[in-house]
Structure formats: structure tokens, C-alpha cells
Amino acid sequence: MANKRNGTLYVGVTSDLIKRIYEHKHHLVKGFTNKYKIDKLVYFEETSDIHAAISREKQIKGWLRKKKIALIESINPGWKNLSE
């Protein structure tokens with residue numbers, strides 16, 4: 001997810017993407033995402049394996065910003081909000 005205004009990025013894992021997006025858009029979650037107004041879904045991956053999801057989350061979080069941006073732009077070059 002990203003901030004519409006300054007492009008701050010957030011990587012997370014959830015078992016309910018629709019619910020999680022709602023929480024971010026309505027600033028119901030305290031912490032980093034609320035502080036930086038992270039409310040735009042710009043990239044996501046799906047899996048039924050929670051262990052694989054957590055492993056992938058950790059992998060992406062370890063990347064440099066440049067590589068995260070390349071991943072986003074590989075499927076969403078215009079940074080459209082995919083939750084709309």
C-alpha cells in the first residue's frame with residue numbers, strides 16, 4: 001500500500017484484504033499506516049499458504065525502495081488504486 005501524497009510504502013500480510021483495505025482507508029489501525037495515511041492499494045499477491053505469505057512479506061520488506069517500486073510498476077505502472 002502507499003500514501004497518495006508522498007509515496008510512502010507499506011508492505012503487510014492479511015487473511016482478509018478487503019477488510020484490511022477498509023481499515024487503512026478509514027484510519028482504524030494505529031501505528032505506521034495511520035501516521036503516514038497509507039490508504040492506496042498499489043500492489044498485491046494472493047496465496048492460500050500463510051507461511052509463504054509471511055515469507056514473501058519479509059522478502060519484500062528487505063528490498064530497497066527502488067526494487068519495491070519496480071515490482072509495483074511491473075503490474076501497475078500508473079500507481080492506480082487497485083482497491084477502487
Side-chain angles (χ1 to χ4, degrees):
M1 294 194 73
N3 174 298
K4 292 179 186 177
R5 292 160 285 289
N6 65 18
T8 301
L9 299 176
Y10 170 77
V11 178
V13 65
T14 182
S15 61
D16 189 340
L17 184 58
I18 294 170
K19 176 183 172 191
R20 192 70 169 135
I21 292 167
Y22 179 88
E23 291 171 345
H24 287 301
K25 284 187 178 210
H26 294 90
H27 310 289
L28 302 176
V29 179
K30 301 290 183 203
F32 181 87
T33 59
N34 192 32
K35 179 179 178 182
Y36 292 97
K37 307 293 188 252
I38 307 294
D39 56 7
K40 182 177 176 184
L41 181 68
V42 293
Y43 180 86
F44 68 95
E45 296 178 9
E46 294 180 272
T47 181
S48 59
D49 182 345
I50 188 62
H51 300 293
I54 293 168
S55 177
R56 181 68 168 154
E57 174 195 24
K58 289 178 181 179
Q59 178 186 38
I60 294 170
K61 281 184 173 182
W63 291 355
L64 295 175
R65 178 178 174 80
K66 181 178 177 179
K67 189 170 181 178
K68 293 174 189 175
I69 289 171
L71 179 64
I72 293 165
E73 292 181 348
S74 73
I75 64 143
N76 188 2
W79 287 63
K80 293 179 182 172
N81 189 347
L82 302 176
S83 68
E84 294 177 345

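This is a predicted model, so every value here is computed, not measured. Note that the numbering runs from 1 along the sequence shown for the chain.
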Handout entry: Atom pair OG1/CD1 of Thr14 and Ile21 - distance to nearest 0.5 Å
Key = 9.0 Å

Problem - Non-hydrogen side-chain atoms of Tyr43 and Asn76 separated by less than 4.5 Å - result: no

Handout entry: Ile60 with Ile75, same ILVMFWY side-chain cluster at under 4.5 Å
Key = yes

Exercise for the section: Answer yes or no: is there a side-chain heavy-atom contact under 4.5 Å between Val42 and Asn81? Expected result: no

Handout entry: Listed once per pair and sorted, the salt bridge (Lys or Arg N to Asp or Glu O under 4.0 Å) pairs that draw on residues 42-60, sequence neighbours left out
Key = Glu45-Arg56, Glu57-Lys61

Handout entry: Ile18 CD1: over 12 foreign heavy atoms closer than 6.0 Å
Key = no

Problem - Side chain proximity check, Asn6 to Lys37, heavy atoms < 4.5 angstrom - result: no

Practice task
Any chance you could measure Asn34, atom CG, to Glu23, atom CD, to the nearest 0.5 Å?
Solution key: 11.5 Å

Problem - Separation of Leu82 CG from Phe44 CZ (nearest 0.5 Å) - result: 6.5 Å

Handout entry: Residue pair Asn3 / Leu9, side-chain heavy-atom distance below 4.5 Å
Key = no

Exercise for the section: State, with a plain yes or no, whether a side-chain heavy atom of Tyr10 is found less than 4.5 Å away from one of His24. Expected result: yes

Exercise for the section: Look at the side-chain heavy atoms of Ile, Leu, Val, Met, Phe, Trp and Tyr, link any pair under 4.5 Å apart, and say whether Met1 and Val13 land in one connected group. Expected result: no

Problem - Reported NZ-to-CH2 distance for the pair Lys40 and Trp79, which is rounded to 0.5 angstrom - result: 7.5 Å

Problem - From CD1 (Ile69) to CH2 (Trp63), nearest 0.5 Å - result: 12.5 Å

Problem - Glu73 side, atom CD; Leu71 side, atom CG - distance, nearest 0.5 Å - result: 10.0 Å

Problem - Residues in ring-ring contact (aromatic ring centres under 6.0 Å, His included) contact with Tyr22, at least two apart in sequence or another chain - result: His26

